[in-house]
Participant: 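Shown below is the structure under consideration.
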Amino acid sequence: MILLLVICISILFYYFLFRVWIYVSEVKHRVRIESAIRENEENLRITLNSIGDAVISTDENGNIKRMNSAAENITGWLSKESLGKSLTEIFTIFDPSTGVKSENPFLQIVRSGKTLEISDLAILFDKKGVEKKISRTAAPILDMSGKIVGVVIVFRDISEKIRIEEQLRQSQKMDLIGRLTGGVAHDFNNMLAGILSASEVLELKSGNDEKSMKFITFIKDTALKASGLTQQLLNFSRKGVRVSENVDVHNSITMAVDILRHSISPDIKILIEFNAVKSVVSGDASQLQSIILNLVINARDAMPDGGEVVIKTGNLILNPDFCTKTGFTIDPGLYIKISVSDTGSGISDDLKSKIFEPFFTTKSAGDGTGLGLSIVYGNVKDHNGAIEVSNGEPAGTVFDIYLPVVENVVWKKEKDSAIITGKGTVLVVEDEFILRSITESILSDLGYRVLIAENGEAGLGLFSSNFHQIDVVLMDIVMPVMGGVEALKLFKQIDSSAVVYLISGNIENLEIDEVMSYGASGILQKPLAITELSRVVSEGVLRKTGIQPAE
Ligand SMILES: Nc1ncnc2c1ncn2[C@@H]1O[C@H](COP(=O)(O)OP(=O)(O)OP(=O)(O)O)[C@@H](O)[C@H]1O
Ligand SMILES: [Mg+2]
């Protein structure tokens with residue numbers, strides 16, 4: 001009996017052990033599967049976020065299951081807030097030519113069951129309502145049995161590409177019209193010369209016949225007016241005379257404004273703010289004056305009830321990205337920026353692309369020929385510069401002109417200048433040769449001793465052996481070998497009081513708080529104006545040494 005009891009208890013005990021073993025194995029198996037799923041999920045997330053294209057995938061009902069960071073950037077929606085939402089809520093697109101809403105790509109795929117290769121562009125409004133031009137493709141997600149269980153959409157923002165293409169087309173069109181106009185104007189000028197000399201002969205021959213003299217004078221005056229217009233056409237087509245010499249833009253502005261003050265009503269104030277230290281460009285003084293004359297006369301016309309025109313200058317280092325974005329073929333380097341702003345009627349967005357075209361005018365016949373801005377455009381191009389138009393704040397219009405300046409012209413150190421000179425040692429870490437050399441040249445002109453390095457690693461070498469003397473570090477963020485953020489962390493380990501400013505071409509895409517938490521003294525946006533550069537460096541020296549900049 002006892003033996004039977006012992007056997008039963010043993011069987012029960014081993015059975016219990018067996019169940020525990022099975023349970024533990026199952027748990028281990030589940031943990032392994034869950035960790036494999038998590039690892040897969042993480043790999044997929046990292047892969048998707050590393051792709052430059054935006055990706056959104058949905059479930060079988062068209063609700064969002066996943067979106068990568070590029071999709072977050074373009075749509076303005078965060079992945080966590082869009083999960084489960086209908087695709088149409090985040091991704092509604094419109095036909096750019098008709099403005100009509102396009103069919104939801106999810107429904108298109110479900111209906112056709114095929115991948116959609118859509119070549120035409122579409123308009124997408126992001127969360128804030130900003131218009132983006134996108135290209136996209138969409139494909140079904142199929143399960144093992146071939147059933148559609150969702151849709152994946154891949155798209156990219158091509159707004160910038162389209163803008164640059166449009167600008168290039170515009171510039172080619174302007175060149176063509178310029179050549180045609182130049183040819184016509186040239187022949188026309190010769191014919192006018194014939195009319196003028198014939199009328200002069202008639203004048204001599206008519207004696208004192210009053211009636212004939214009246215008509216001859218009329219012919220001569222009209223021919224002279226026509227000849228003035230032809231000169232403008234020749235100027236536009238750049239067949240006019242052009243000299244190339246060192247011209248101080250500030251002089252050209254002052255002279256143009258002197259002429260204008262006599263012809264512009266006192267209701268319109270013309271204010272000048274010269275902040276550029278390097279203001280000498282290589283070019284033609286009369287063309288530069290003509291730029292200012294045309295812009296200010298347009299501003300006057302846009303302010304019939306009076307207002308203010310501000311002409312401002314400043315120096316700026318243009319980086320390659322900025323140069324490409326202007327749509328003009330200009331080289332990176334040191335520029336003078338001339339801004340002419342007014343408080344007038346402003347220019348609507350649809351007209352902005354047309355105003356530089358020759359003969360485009362909104363003024364009534366006799367008030368405007370529509371040649372002013374096309375001459376400005378041609379003159380700016382002749383000086384290897386760029387011009388942009390934007391809306392004024394809160395109203396009006398701003399024309400920004402960028403012209404490359406002549407280097408090695410002595411700095412003017414005016415007492416009230418916005419440029420601050422100083423003393424101390426600055427380490428410049430920048431991979432772009434042009435920016436590095438220009439920053440070095442400006443800082444030494446401002447009075448600093450400058451050390452330069454072409455990447456974070458080279459910067460680290462210089463910093464570790466010179467950190468006792470270095471007052472300020474200016475460092476690019478994106479560089480080969482070692483980027484600015486990584487280098488910043490190492491600089492701070494060597495000298496926790498190091499004053500390091502990081503410079504970024506794309507500040508919007510930066511985790512600013514994170515970068516600042518590593519000890520950066522500030523983050524600066526490229527392109528950096530010289531006034532800004534001089535201010536930041538002198539503040540940096542003050543932070544490090546407590547020494548005020550030189551008067
Ligand atoms: N500052 C401005 N504010 C508002 N609109 C402007 C301004 N500058 C130019 N425009 C618009 O651009 C158009 C083209 O200017 P543009 O200087 O080429 O020709 P215009 O002034 O009409 O004629 P023209 O200069 O030959 O006498 C103008 O008719 C006007 O509609
Ligand atoms: Mg004009």
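Heavy atoms only: backbone and side chains are in, while hydrogens, waters and symmetry mates are out. Whatever order the structure lists ligands and atoms in, that order sets their numbers, starting from 1.
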Participant: Any N/O/S atom, side chain or main chain, of T369 closer to the Mg ion (ligand 2) than 2.8 Å?
Facilitator: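 Checking T369: none of its N, O or S atoms is under 2.8 Å.
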
Participant: At a 4.0 Å threshold, what atoms of ligand 1 neighbour a non-hydrogen atom of I355?
Facilitator: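 Per the distance check, 11 (C), 12 (O), 14 (C), 18 (O).
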
Participant: Consider ligand 1: state whether an atom of it lies below 4.0 angstrom from any non-hydrogen atom of G396.
Facilitator: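 No.
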
Participant: At a 4.0 Å threshold, what atoms of ligand 1 neighbour a non-hydrogen atom of I347?
Facilitator: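 So the atoms of ligand 1 that pass are 4 (C), 5 (N), 6 (C), 7 (C), 10 (N).
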
Participant: Looking only at N/O atoms, are G372 and ligand 1 under 3.5 Å apart anywhere?
Facilitator: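 In this structure, G372 places an N or O atom under 3.5 Å from an N or O of ligand 1.
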
Participant: Polar-atom distance check: L371 versus ligand 1, any N or O pair below 3.5 Å?
Facilitator: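 Yes - when backbone and side-chain N and O of L371 are compared with those of ligand 1, one distance drops under 3.5 Å.
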
Participant: Polar-atom distance check: S345 versus ligand 1, any N or O pair below 3.5 Å?
Facilitator: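 No - when backbone and side-chain N and O of S345 are compared with those of ligand 1, no distance drops under 3.5 Å.
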
Participant: Go through the side-chain N and O atoms of S339 and D400 and say whether any donor and acceptor fall under 3.5 Å apart.
Facilitator: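 A donor-acceptor contact under 3.5 Å links the two side chains.
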
Participant: With atoms numbered from 1 as shown, which atoms in ligand 1 lie under 4.0 angstrom from a non-hydrogen atom of T361?
Facilitator: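 Checking each atom against T361, I get 20 (P), 22 (O), 29 (O).
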
Participant: If you measure from atom 1 (N) of ligand 1 to every heavy atom of I297, V398, D342, T397, which option wins on shortest distance?
Facilitator: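 Nearest option to atom 1 (N) of ligand 1, by heavy atoms: D342.
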
Participant: Check the angle between the aromatic planes of Y377 and F356 and answer parallel, tilted or perpendicular using the 30° and 60° thresholds.
Facilitator: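 Because their plane-to-plane angle lies in the 30° to 60° range, the rings of Y377 and F356 count as tilted.
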
Participant: Please round to the nearest 0.5 Å and tell me the distance separating atom CD1 of I387 and atom NZ of K381.
Facilitator: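 It is 12.5 Å, given to the nearest 0.5 Å.
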
Participant: Under a 4.0 Å N-O cut-off, is there an ion pair linking D126 with K132?
Facilitator: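 Yes, this pair counts.
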
Participant: Cut-off 3.5 Å, side chains only: do S279 and D248 have a donor facing an acceptor?
Facilitator: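 Yes, D248 and S279 have a side-chain donor paired with an acceptor closer than 3.5 Å.
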
Participant: Any nitrogen or oxygen of T362, main chain or side chain, under 3.5 Å from a nitrogen or oxygen of ligand 1?
Facilitator: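 There is such a contact, yes.
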
Participant: Which ligand 1 atoms, with their elements, are less than 4.0 angstrom from a heavy-atom of G346?
Facilitator: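 So the atoms of ligand 1 that pass are 4 (C).
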
Participant: Side chain, backbone, both or neither: which applies to L373 and ligand 1 if a contact is any heavy-atom pair less than 4.0 Å apart?
Facilitator: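 For L373, the contact with ligand 1 is made by both the backbone and the side chain.
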
Participant: Counting only heavy atoms not in K101, do more than 12 sit closer than 6.0 Å to its NZ atom?
Facilitator: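 Not buried by this count: 12 neighbours or fewer within 6.0 Å.
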
Participant: Any sub-3.5 Å donor-acceptor pair from R436's side-chain atoms to D431's backbone N or O?
Facilitator: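 The answer is yes, because a donor-acceptor pair under 3.5 Å joins these two groups.
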
Participant: Check the pair K352, E388 against salt bridge (Lys or Arg N to Asp or Glu O under 4.0 Å), reporting the backbone distance first and the verdict last.
Facilitator: CA-CA 10 Å; K352 281 202 186 97; E388 283 176 345; over 6 Å; no

Participant: Is the distance between the ring centroids of Y402 and F328 under 6.0 Å?
Facilitator: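 No.
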
Participant: Counting both backbone and side chain atoms, is some N or O of G370 under 3.5 Å from an N or O of ligand 1?
Facilitator: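 Checking ligand 1 against G370, an N or O pair does fall under 3.5 Å apart.
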
Participant: Looking at ligand 1, does any of its N/O atoms fall within less than 3.5 Å of an N/O of T369?
Facilitator: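 Yes - when backbone and side-chain N and O of T369 are compared with those of ligand 1, one distance drops under 3.5 Å.
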
